[in-house]
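Below is one structure, written out as structure tokens; the observations come after it.
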Amino acid sequence: MQKILIRGGRALRGTVAVSGSKNAGLPLLFASLLTPERCTIRGLPRVADVTTSLRLLERLGALVGDGEFSTIVVEARTLTSSEAPYDLVKTMRASFLTLGPLVARTGRARVSTPGGCAIGSRPVDIHLAGLERLGARICQAHGYVEAEAPRLRGARITLDFPSVGATENVMMAATLAEGTTVIENAAREPEIGDLAAALGAMGARIDGAGTSVVRIEGVRELGGFDHAVVPDRIEAGTLLLAGAITGGEVHVAGARADHLDALVAKLEEVGVAIEARADGITVRGAQALGRADVRTAPYPGFPTDLQAQFMALMTLGDGQSVITETIFENRFMHVQELVRMGADVRVDGRSAAVRGVATLSGAPVMATDLRASVCLVLAGLAAHNTTEVSRIYHLDRGYERLEEKLSALGADIARVRT
Ligand code: UD1
């Protein structure tokens, strides 16, 4: 078992580079199933979710190769299986994104349903309703979804909620459908625009990705692509918050301010100075840290994936902040651990009242999910004495070399095996 040990209290200083986006990279990997040609994905972060995706692509018959400088090459020349098995889907929900590409390319797919996860029940009904509208016959049995369609047909689809995954699954499936698909109430996250750019390079005809109405003209076949993923806005936001919570000064090279408007606005509201430039974003800790209410929302609202990290900052703010989580029903698992570090947080339904305290104190704490784990790392960076974060396999699913990046900024942090 591995743990992260942090001796807190050091202000972080210096420049750190943001990695490529995990959440943009995963759908790009599965988009490679749409074509027999070679797909090159540049800047993929080396995180556990990427490794899981590559294993899944190999199980389906794709050839996967490592290029230089975080480049991955996938060639799904022939597919030997159209089944995404439970053992891989259960460790990573994004595996469900194989459903749309597989049914579009091979006419059938059998994909395990992901089941619940720590942060909520996370059903897949919106994905399935969308694919049904495209003419797929969907049947659910024995924990699997089976989808069949000799060829999908374009349709007008209104999503019940702007689900990121459902938008991606339907968009990928529609590229090979006959006729035009219009997705209304589509998710607008930057990762959707990035996927559309790669699909466009493959020969797909897509308009409006990144807005709430996406239009796709189906084509008969698609070619390969060579695409660099967008910078990871959630990692960038996390590193900015690491600079802010330690009262330091950190430049996050490659961070895109246009993808982080909601966070930047909140940081400025609490007195943290932000300077956005073409090459990245610099954060300078507040003289006197204020308070702010935050409500998570689909993009361009405040990202649920930064809620826990922002809460860590607000545990040290002056006054009471109310943090409301609207995307996932159970995303406050970090609260009890923050409280063990001396934070004053009370949860009432979907809201948490965070009353700022003067200091946090280091403690042994347990990570419960990806973003909760990094929230505890941030709290540990600011806390007195030593914080020991266990169950860090959650962290490794989505953060590339986090301890290395934070150490280079002056943090006293190390990974230990127990
Ligand atoms: C993606 C991100 C995740 C982020 C989330 C919200 C990836 C790999 N993951 O997850 O990091 O936290 O967006 O920004 O990109 N829902 C349904 N039915 C569905 C689909 C979703 O009810 O068929 C609900 C979910 O339970 C959840 C909400 O919609 O409450 C948002 O989910 P969604 O946008 O689909 O998130 P993911 O694509 O799973």
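Numbering of ligands and ligand atoms starts at 1, following listing order.
The pair Arg137-Glu148 meets the salt-bridge criterion, since a charged nitrogen lies less than 4.0 angstrom from a carboxylate oxygen. Between Asp258 and Arg233, no side-chain nitrogen of the basic residue sits less than 4.0 Å from a carboxylate oxygen of the acidic one, so the salt-bridge criterion is not met. A salt bridge is absent between Arg215 and Asp207; no separation between the charged side-chain nitrogens and carboxylate oxygens falls under 4.0 Å. One finds no salt bridge joining Glu325 and Arg350 here, because no Lys/Arg side-chain nitrogen approaches an Asp/Glu carboxylate oxygen to under 4.0 Å. Salt-bridge formation is detected for the pair Asp87/Arg59: a Lys NZ or Arg NE/NH1/NH2 atom is positioned less than 4.0 Å from an Asp or Glu carboxylate oxygen. At a threshold of 4.0 Å, the pair Glu58-Arg55 does not count as salt-bridged, since none of the basic side-chain nitrogens sits closer than that to a carboxylate oxygen.
For ligand 1, none of its N or O atoms has an N or O atom of Lys22 under 3.5 Å away. The distance criterion of under 3.5 Å between nitrogen or oxygen atoms is met by Asn23 with respect to ligand 1. Inclusion of Ala94 in the set of residues having an N or O under 3.5 Å from an N or O of ligand 1 is not warranted. Between Arg93 and ligand 1, not a single N/O pair is under 3.5 Å apart. Taking only nitrogen or oxygen atoms, main chain and side chain alike, Pro123 reaches within less than 3.5 Å of ligand 1.
Counting heavy atoms closer than 4.0 Å to ligand 1, residue Ile327 contributes atoms from both its backbone and its side chain. The side chain of Arg331, and not its backbone, has at least one atom closer than 4.0 Å to an atom of ligand 1 (non-hydrogen atoms only; side chain from C-beta on). Residue contacts with ligand 1, taken as heavy atom pairs separated by less than 4.0 Å, involve Thr304 solely via side-chain atoms from C-beta onward. Looking at Asp305 against ligand 1, only its side chain comes within 4.0 Å, counting heavy atoms.
The side-chain contact (heavy atoms from CB on, under 4.5 Å) test applied to Thr40 returns Arg38, Arg42, Thr71, Val73, Asp226, not counting sequence neighbours.
At a 4.0 Å cut-off, at least one heavy atom of His127 sits close enough to ligand 1 to count as contact. Not a single heavy atom of Ala166 lies less than 4.0 angstrom from ligand 1. Note on ligand 1: Met92 sits outside its first shell, no heavy atom being nearer than 4.0 Å.
Taking each of Asp49, Asn330, Leu97, Val164 in turn, the one with a heavy atom nearest to atom 13 (O) of ligand 1 proves to be Val164. For the residues Tyr299, Phe328, Phe96, the heavy atom positioned nearest atom 27 (C) of ligand 1 is part of Phe328.
Within the listing of ligand 1, atoms 28 (C), 29 (O), 31 (C) sit less than 4.0 angstrom from a heavy atom of Phe161. Shown in contact with Gly165 at under 4.0 Å from a heavy atom are these atoms of ligand 1, numbered in order with element: 35 (O), 38 (O).
A distance-only check finds no donor-acceptor pair linking the side chain of Lys3 to the backbone of Ile392 [under 3.5 Å].
Sorted by first and then second residue, the ring-ring contact (aromatic ring centres under 6.0 Å, His included) pairs involving residues 124-163 (not counting sequence neighbours) are Phe96-His127.
You'll find the side chain of Asp194 reaches within 4.5 Å of the side chain of His227, heavy atoms only.
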